[in-house]
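Every heavy atom of this structure was used, including side-chain atoms; hydrogens, water molecules and symmetry mates were not. None of these values were measured; they are calculated from a predicted model.
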Amino acid sequence: MKYITIILLLVGFSQGFAQTENSGREVYRATPEMKTKLKHTKLKVSFNFEDQTLDGEEWLTASPFFYESDSLILDAKAMIIHEVKMENKPLSYLYKDDFLRIKLDKIYRKGENYTIYIKYTAQPEKVTAKGSQAINDAKGLYFINPKGELPNVPTQVWTQGETESSSCWFPTLDKPNQKTTQEIYITVPDKFVTLSNGILQSSEKQNDNLRTDYWVMDKPHAPYLFFMGVGDFAVVKDTPWRGKVPVDYYVEKEYEKVAKQIFGHTAEMIEFFSKRFGYDFPWQKYAQMVVRDFVAGAMENTTAVSHGESAHQTADVLADNNYWEAVIAHEMGHHWFGNLVTTESWSNLTINESFANYSEYLWYEYKYGKDVADYHLTKSVNQYHHRPNDFVKDLVRFGYNDKEDMFDLVSYNKGGGILNMLRDYLGDEAFFQGITDFLKTYEFGTGEAHQLRLSFEKISGKDLNWFFNQWFFGNGNPVVSVENNYDAAAKQIRLKIIQNQEEAGFFEFPLEVDIYQNGKYERHQVWVKARKENEFFFSAEKSPNLVNINPRGVILMREDSYKNAQEYLFQYTHAKDYKSRSQAVEFAQYEQHNELLLKAIKDPFYQIRMEALNALAGQKLSSKVLSEIEKIAKNDPKNLVKSAAMWTLAATKSKKYLPVFEKALSVHSASVKNAALNGIATIDAKRAKRFLEQSAPEDLTTDQLVSLASVVVDNKMERFLEKVLPNFVYYPFLMEDNPEKAKIFERGYLWAMQLDNTKLVKAVAESLKQIAPYSEKGSEGNKAIIHILDKALSVKNTLKSSVSVQQQIKLLQEVKALF
């Protein structure tokens, strides 16, 4: 505080203030103080593609938030400030350390607006801020192939504002608790299209083949949600929502024909979330743009969502599954949670990301049913469970080292699981009415976890402090072991729940217990108290077939196995819920319990059929079983299951199945074709080699080449290597599940490192950079990556030293340092 105060005095500024309290805490990330309130942001921008800079003019309207003030301090990273004015009169300012400190023309009071003009140049390449797990860069403004020098790479410009990177391309108060309306004039070469927030009001041609597009956003949103996208995109217009809200998709022209297959549920999603949240979609349009080299999976910029190029999928892939649909639902959910009501501080990121994560579940539940939704949520929560360092983090936390640390599996995945528990506890009617109350109370403003609690309490009449204290403001989750036995004399079942997570404290929670007698179950609900052991007793005429806790998987906990093979077989056969069936199949996978797995290949849910088929691969199977799997490979209604069946058949290495694989090459399905190629490569390597010799690298997908990895490696087919090599770095992770494939990948990786080919090493480096933000120091995955990099460096050091080899070694060393 002293350093800032001294600077302000040196340049003659003063600002009203009240006493600040920090309670002596070493690290406390307070909600940003509101000294100034943004009102409106008007921008005029153009681009210097040669220098990768932006020339901008800004008219910023603001007022003091409460205390009177004669100064304004803006975030402005790595800029050149040319002039600052008010009503054409120059203002005194100091630009230093990425802050623009402006002396206003007088003292302003609360509610008294002023507008300042700033002319500036943004220099994103000089920004020094770093990214996070979820957002791997922070320079705000990105030029892709700006000089058009890279073949097959389009020229694009796009922005990415979260967390506080919009101030890399326009001066602003770059905090999530600020809201402003906006208008922006974007001048670009006439051959490009543009996208920004709000509605395109006009488009006027200029001299020198330029054009200026004018976009207007008339509702306030946070600065980190501002967006610009520029490039040679196809604009696909879909049916407007409720006949009036435009729905558009901006994709590379190659994907124009499949854009509606990728994004085509958008209008239906808007309608679904409007009804589910009890609050109609509040924005002027919904556009989605797919950009190159994006620094995140996707970003919820208000009315102008940006997606990484992974969203682009071929028709063959989409015939199997639109794997990007969850991301589309996630960013849609943000338009209520994050954009309409925004986290008031990064500490309360759960308001944004936990709800967006849970929006994925809600969409899948509505569109595809409970099994699909439960599978998706289980997979999501398990990712959190497998990161031990996340166990010690509170969902809402004020002691983070850097705001970027909040973008982790606790804020996203665990938070989504917590909301699912709260919904189950309150019931659908109270839960969704509570959501509606929260949105309507804090619309176009900000929110925090306590306000969320109050809305749910207001609607339900329940006290929820106990829930929020342990799940929102606490860390960890129950880790339980189970004991149960039957007392024939007392005709009583004794169930003991033991909590083993003492470092996180003990939890209290409602727990469902299914008790099966004579093949039928009765569902009981008990209350587990916050202590080491809880005992429960249930009347029973005889020993039960099965005692099954948390059968729907609602409670976010880790559960030690307490059942034998016979009980798991019974559980799979009789339980209806996804969690219970999946748990039984998981046991069968590890124990190679084929009787259970053979039942599961006929499960009504395709994911369980796939898991069972994958578990059977490599086992000695009877001709009768193989005949059944062959039928699945030909006739299952889901391509992904057909594919899994073919991988299982390929593991037999029997030439009997070559006609199945050959025929499958013509199926309209990426997964089926990949499995067929793997089968051909496994059984008839010469036939697979001929297939590759007749193909060009660009004609084959990476997945198809991975399926043919053994052929590529054993025949040293270097022309395919660049496309498939980044996958080889994962071989240590396959050692347990697929040791044969792991050996192929290892051979391929070491062969590639023997080549003096900088392009290949760059491909590996880029692949590993994508993994680095998710890798924890000292974890097994982290050690595995370091191990393969050490192997690569060892091989490179045996090569004849040259400029290119030294460059390759440097690249590998730089990547290794990230781990």
Could you tell me if Lys44 sits above the aromatic ring of Tyr185, with its cationic atom closer than 6.0 Å to the ring centre and no more than 45 degrees from the axis?
yes
From Glu33 atom CD to Phe65 atom CZ, the distance as rounded to the nearest 0.5 Å
10.0 Å
Indicate whether the side chain of Ser306 and that of Asn301 have a donor and an acceptor atom separated by less than 3.5 Å.
yes
Quick one: do Trp59 and Thr41 satisfy side-chain hydrogen bond (donor to acceptor under 3.5 Å, both in side chains)? Show the steps, please.
CA-CA 6 Å; Trp59 291 260; Thr41 303; over 6 Å; no
Is it the case that Asp218 and Gln284 place a side-chain donor and acceptor less than 3.5 Å from each other?
yes
Expected output: side-chain Asn357 to main-chain Gly415 donor-acceptor under 3.5 Å
no
Output yes when a side-chain donor or acceptor of Asp408 lies under 3.5 Å from a complementary backbone atom of Ser411, and no otherwise.
yes
Between Phe273 and His334, is the ring centre distance below 6.0 Å?
no
Donor-acceptor contact below 3.5 Å, side chain Asp51 vs main chain Thr53
no
In sequence, state the C-alpha distance, the side-chain angles, and the governing distance for Lys110 and Glu68, and then conclude on salt bridge (charged side-chain N to carboxylate O under 4.0 Å, His left out).
CA-CA 6 Å; Lys110 179 181 179 180; Glu68 63 183 28; over 6 Å; no
Ring-face cation of Arg101 near Tyr95 (centre distance under 6.0 Å, axis angle within 45°):
no
Is it the case that atom NZ in Lys403 sees more than 12 heavy atoms from other parts of the structure closer than 6.0 Å?
yes
Could you tell me if the side chain of Ile184 sits less than 4.5 Å from the side chain of Phe227, heavy atoms only?
no
Checking Thr180 against His40: is there a side-chain donor and acceptor pair closer than 3.5 Å?
no
Heavy-atom nearest pair, Tyr114 first then Pro64, reads CE2-CD, 4.2 Å
Looking at Arg29 and Tyr400, would you say the former's side chain and the latter's main chain have a donor-acceptor pair under 3.5 Å?
yes
Run Glu204 and Arg211 through salt bridge (charged side-chain N to carboxylate O under 4.0 Å, His left out) and show every step you take.
CA-CA 6 Å; Glu204 297 183 2; Arg211 189 188 73 255; over 6 Å; no
Hey, are the side chains of Tyr358 and Leu362 touching, using non-hydrogen atoms and a 4.5 Å cut-off?
yes
In terms of heavy-atom contacts, Val247 and Ala267 come closest through CG2-CB, 4.5 Å
Could you check whether the rings of Phe407 and Trp346 sit parallel, tilted or perpendicular, using 30° and 60° as the cut-offs?
tilted
Determine whether Leu225 and Glu300 make a side-chain contact, defined as any pair of heavy atoms from C-beta on separated by less than 4.5 Å.
yes
Chi angles and distances behind the side-chain hydrogen bond (donor to acceptor under 3.5 Å, both in side chains) call for Lys219, Thr181:
CA-CA 5 Å; Lys219 296 182 179 179; Thr181 52; over 6 Å; no
Any luck finding a side-chain donor-acceptor pair between Ser71 and Lys103 under 3.5 Å?
no
Mutual orientation of the aromatic rings belonging to Phe143 and Phe49 [parallel < 30°, tilted 30-60°, perpendicular > 60°]:
perpendicular
Taking all heavy atoms of Ser196 and all of Lys285, pick out the closest pair and write down the distance.
O-NZ, 2.7 Å
How are the rings of Trp336 and Phe277 set to each other: parallel, tilted or perpendicular (split at 30° and 60°)?
perpendicular
Taking atom NE2 of His335 and atom OG of Ser359, what is their separation to the nearest 0.5 Å?
12.0 Å
Going by the angle between their ring planes, with limits at 30° and 60°, are Phe281 and Tyr286 parallel, tilted or perpendicular?
perpendicular
Just checking, any donor-acceptor pair under 3.5 angstrom between side chains of Glu344 and Thr31?
yes
How long is the straight-line distance from CZ of Phe99 back to CG of Asp75, given to the nearest 0.5 Å?
5.5 Å
Between Lys77 and Glu164, is there a donor-acceptor pair closer than 3.5 Å when you use the side chain of the first and the backbone of the second?
yes
Are Ile328 and Gln288 packed together at the side-chain level, in the sense that at least one heavy-atom pair is separated by less than 4.5 angstrom?
yes
Taking all non-hydrogen atoms of both residues into account, name the closest pair between Asp238 and Asp248 and its distance.
N-OD1, 4.5 Å
Kindly give the heavy-atom pair with the smallest separation between Asp174 and Ser165, and that separation in Å.
OD2-N, 3.3 Å
Using a 6.0 Å distance limit plus a 45 degree cone around the ring axis, check whether Lys106 lies over the aromatic ring of Tyr108.
yes
For the pair Phe468 and Phe456, name the ring-plane relationship: parallel under 30°, tilted 30 to 60°, perpendicular over 60°.
tilted
OG (Ser203) and CD1 (Ile186) are apart, to the nearest 0.5 Å, by 10.5 Å
Quick check: does any side chain N or O of Ser166 sit under 3.5 Å from a backbone N or O of Glu162, one acting as donor and the other as acceptor?
no
Is the Phe170 ring parallel, tilted or perpendicular to the Phe226 ring (thresholds 30°, 60°)?
parallel
Is it the case that Asn197 and Thr303 place a side-chain donor and acceptor less than 3.5 Å from each other?
no
Between Glu404 and Thr163, is there a side-chain donor-acceptor contact under 3.5 Å, judged purely by atom types and distance?
yes
Enter the distance from Thr350:OG1 to Arg397:CZ here, rounded to the nearest 0.5 Å.
10.0 Å
Quick one: does any side-chain atom of Asn145 pair with a main-chain N or O of Val153 as donor and acceptor, under 3.5 Å?
yes
What do the steps show when you test His307 against Phe263 for ring-ring contact (aromatic ring centres under 6.0 Å, His included), and what is the final call?
CA-CA 11 Å; His307 293 272; Phe263 297 108; 5.3 Å; yes
Can you tell me if Thr212 and Thr187 form a side-chain donor-acceptor pair at under 3.5 Å?
yes
In Å and rounded to the nearest 0.5 Å, what is the OH to CD distance from Tyr224 to Gln160?
10.5 Å
Could you check, using the six-membered ring where one of them is a Trp, whether Trp283 and Phe444 have ring centers closer than 6.0 angstrom?
yes
Is it the case that Tyr279 and Glu443 place a side-chain donor and acceptor less than 3.5 Å from each other?
yes
Would you please say whether a donor-acceptor pair under 3.5 Å links the side chains of Trp241 and Glu271?
yes
